[in-house]
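Notes to accompany the following structure.
For reference, positions follow the sequence shown, starting with 1. Both ligands and their constituent atoms are indexed starting at 1 by order of listing.
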Amino acid sequence: MSQKSSNEMWGGRFASGPDAIMEEINASIDFDKRLYREDIQGSKAHAEMLGARGIISAEDAARIVEGLEQIEGEIESGSFTFSRQLEDIHMNVESRLAELIGPAAGRLHTARSRNDQVALDFRLHVRAALQTLEAKLTDFLAALLDKAEAHAETVMPGFTHLQVAQPVTFGHHCLAYVEMAARDRSRCRDALRRLDECPLGAAALAGTGFAIDRHMVAEALGFSTPTRNSLDTVSDRDFALEFLSLAAISATHLSRLAEEIVIWSTPQFGFVRLSDAFSTGSSIMPQKRNPDAAELVRAKPGRINGALISLLTVMKGLPLTYSKDMQEDKQQVFDAIDSLSLALAAATGMIRDLQVNAEAMRKAAGHGYSTATDLADYLVRELGLPFREAHHVTGRAVSLAEGSGLGLEELPLDVLKSLDGRIGEGVYAVLGVDASVRSRTSFGGTAPDNVRQQVAYWRQRLASE
Ligand code: ARG
């Protein structure tokens with residue numbers, strides 16, 4: 001047992017201080033110092049309300065607010081000394097406040113508990129993270145839309161099973177990621193809407209007998225309303241779970257794009273080239289250009305999915321209300337915020353940076369009889385064959401082409417006629433990759449005109465939201 005004196009904040013009934021291991025497992029200051037701004041913001045709003053309601057004197061309220069502002073300056077300038085003995089950010093700030101303003105500092109915690117305080121601080125932090133994420137997703141969307149517009153007509157192979165399936169446009173492919181990122185962005189907004197309730201005033205768990213004004217505090221902190229149930233308030237971490245869920249989904253999208261960039265930038269594909277700004281060399285193989293940034297973006301779901309599972313597991317089965325288990329909610333969320341933020345910035349940078357090799361894409365688009373479906377459609381449209389029979393005839397054409405090492409568009413007309421005598425010269429117009437993509441004008445299809453319309457649609461929607 002250590003000889004240290006008991007905790008200055010809550011040690012009234014304790015004869016001696018904590019064991020060194022107790023202090024080490026209990027202290028959260030090493031990571032929750034990241035919440036200092038939110039902690040001070042919340043304390044200021046609380047003190048002002050206490051003063052306005054006459055629960056503390058106006059002078060004490062003013063002194064508290066002034067002291068808190070000085071502490072914020074000290075933390076920001078790096079002169080503040082954090083102490084593990086004071087456990088967490090809440091008590092580090094309050095203890096320094098006592099040094100600065102004397103006994104009035106002791107009045108700040110009236111009608112409040114660290115339970116509602118931490119619920120507030122963490123919620124404010126997640127709210128800011130969601131707002132930043134929304135802005136970063138908007139940048140990412142803008143980068144994708146610029147690429148989509150520039151490549152509305154650039155033909156590339158569309159894949160299923162990573163086998164060449166049908167020609168598509170690169171612009172349309174970029175727009176697929178626009179859809180994903182726009183859903184991620186709308187998930188941020190949904191989460192912000194549900195998070196928009198202020199926890200402060202729930203106190204330890206049961207509310208308080210002081211005549212506080214929770215609406216005033218909520219408004220000062222930019223929330224629409226206070227939370228309605230004090231028990232739920234101090235035990236709820238849904239806002240963090242929602243953040244992690246949407247972060248995991250968003251990171252999944254980014255990892256799919258990253259994987260495509262890795263594949264596309266191999267010499268075998270050669271569809272895109274990342275500039276030196278987004279490539280790395282090998283320390284032993286001078287010829288290498290490695291897409292490290294893309295690989296790291298591809299890897300980020302490892303951490304972010306881990307954070308989601310970690311917090312779900314911490315919260316599972318916890319009885320109401322607060323338990324110290326919940327202190328384990330922060331590190332993984334902080335890491336997820338930083339990981340996703342970096343992944344998104346790197347993905348945006350790579351999209352802006354990447355140079356498309358339209359020639360290589362176009363060539364690959366014709367490989368693997370990618371216009372076979374167009375031939376089948378021609379047989380349906382021009383000759384009135386049922387689709388299943390057209391599919392069969394086309395299959396024979398593919399097999400003839402394969403046997404003679406030719407592309408479909410290279411098969412002589414008499415060979416095609418041997419399959420069905422009614423096939424005419426017009427067939428060659430549908431066998432090229434450009435004609436193929438131009439024909440896909442159904443809503444949501446890959447035709448260049450569709451791509452341009454979708455780019456315009458998204459630009460307008462993003463500007464008006
Ligand atoms: N550091 C604590 C946390 O992060 C603050 C709340 C402490 N509450 C308590 N009843 N011990 O959860």
Side-chain angles (χ1 to χ4, degrees), residues 6-14 17-19 21-43 45-46 68 71 75 80 82-97 105-106 108-129 195 198-208 217 221 227 229-241 243-244 307 310-337:
S6 68
N7 187 291
E8 64 175 88
M9 294 289 161
W10 48 248
R13 67 176 294 253
F14 286 79
D19 187 88
I21 293 298
M22 175 63 207
E23 186 174 296
E24 190 168 340
I25 194 170
N26 203 34
S28 53
I29 188 61
D30 293 339
F31 49 88
D32 70 14
K33 61 166 87 145
R34 175 162 165 160
L35 297 174
Y36 78 89
R37 223 181 268 124
E38 291 86 351
D39 195 69
I40 288 171
Q41 191 189 357
S43 288
H46 183 65
L68 288 168
I71 292 170
I75 297 177
F80 189 95
F82 291 100
S83 151
R84 263 204 184 174
Q85 260 163 288
L86 290 165
E87 277 185 42
D88 55 28
I89 186 62
H90 322 299
M91 296 200 292
N92 269 267
V93 169
E94 196 184 320
S95 164
R96 177 67 182 144
L97 188 64
L108 169 61
H109 216 48
T110 312
R112 189 178 71 169
S113 151
R114 278 189 293 156
N115 296 347
D116 59 342
Q117 193 178 355
V118 76
L120 170 73
D121 294 2
F122 197 31
R123 193 180 282 244
L124 286 173
H125 198 77
V126 170
R127 182 174 75 179
L195 171 154
C198 183
L200 217 54
L205 75 162
T208 175
V217 175
L221 295 170
T227 53
N229 182 295
S230 62
L231 301 175
D232 175 54
T233 300
V234 295
S235 63
D236 167 41
R237 292 294 180 272
D238 287 6
F239 57 92
L241 289 171
F243 167 74
L244 291 173
S310 164
L311 186 55
L312 284 169
T313 309
V314 166
M315 297 307 295
K316 178 203 164 292
L318 278 188
L320 302 191
T321 54
Y322 178 85
S323 296
K324 195 65 173 249
D325 307 53
M326 290 164 70
Q327 178 165 286
E328 295 282 319
D329 58 1
K330 293 176 201 60
Q331 281 157 293
Q332 312 258 6
V333 169
F334 293 161
D335 186 72
I337 291 172

- Heavy-atom closest pair, residues G42 and L120: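 Residues G42 and L120, closest heavy atoms: CA-CD2, 3.5 Å.
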Nearest protein heavy atom with distance in Å, relative to [atom]:
| atom | result |
| --- | --- |
| atom 2 (C) of ligand 1 | Q327 OE1, 3.2 Å |
| atom 11 (N) of ligand 1 | R114 NH2, 3.6 Å |
| atom 12 (O) of ligand 1 | Y322 OH, 2.4 Å |
| atom 8 (N) of ligand 1 | N115 OD1, 2.9 Å |

- Note on the structure: Counting from 1 in the order shown, the ligand 1 atoms closer than 4.0 Å to a non-hydrogen atom of S28 are 1 (N)
- Task: Could you list the atoms of ligand 1 found under 4.0 angstrom from a heavy atom of D88?
- Result: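 In order of number, 1 (N), 2 (C), 5 (C).
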- Query: Quick one: does ligand 1 sit under 4.0 Å from the side chain of K330, the backbone, both or neither, non-hydrogen atoms only?
  - Reply: side chain
- Partner of V314 by side-chain contact (heavy atoms from CB on, under 4.5 Å), out of E328, R237, Q332: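 Single pass found, and it is E328.
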- Geometric cation-pi criterion, K33 with F82: 6.0 Å, 45°: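 Satisfied, under 6.0 Å and within 45°.
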- Message: With a 3.5 Å distance limit and no angle check, can you tell me whether R123 reaches the backbone of L195 through a side-chain donor-acceptor pair?
- Response: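 Answer holds: yes.
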- Message: Counting only heavy atoms not in L231 (residues, nucleotides, ligands), do more than 12 fall under 6.0 Å from its CG?
- Response: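 Counting neighbours around CG of L231, more than 12 heavy atoms of other residues, nucleotides or ligands fall under 6.0 Å, so yes.
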- Message: Does atom NZ (K316) have a neighbourhood of more than 12 heavy atoms from anything else shown, all under 6.0 Å?
- Response: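 12 or below, so no.
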- Do any nitrogen or oxygen atoms of H90 come within less than 3.5 Å of a nitrogen or oxygen of ligand 1?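 In fact, backbone or side chain, H90 has no N or O that close.
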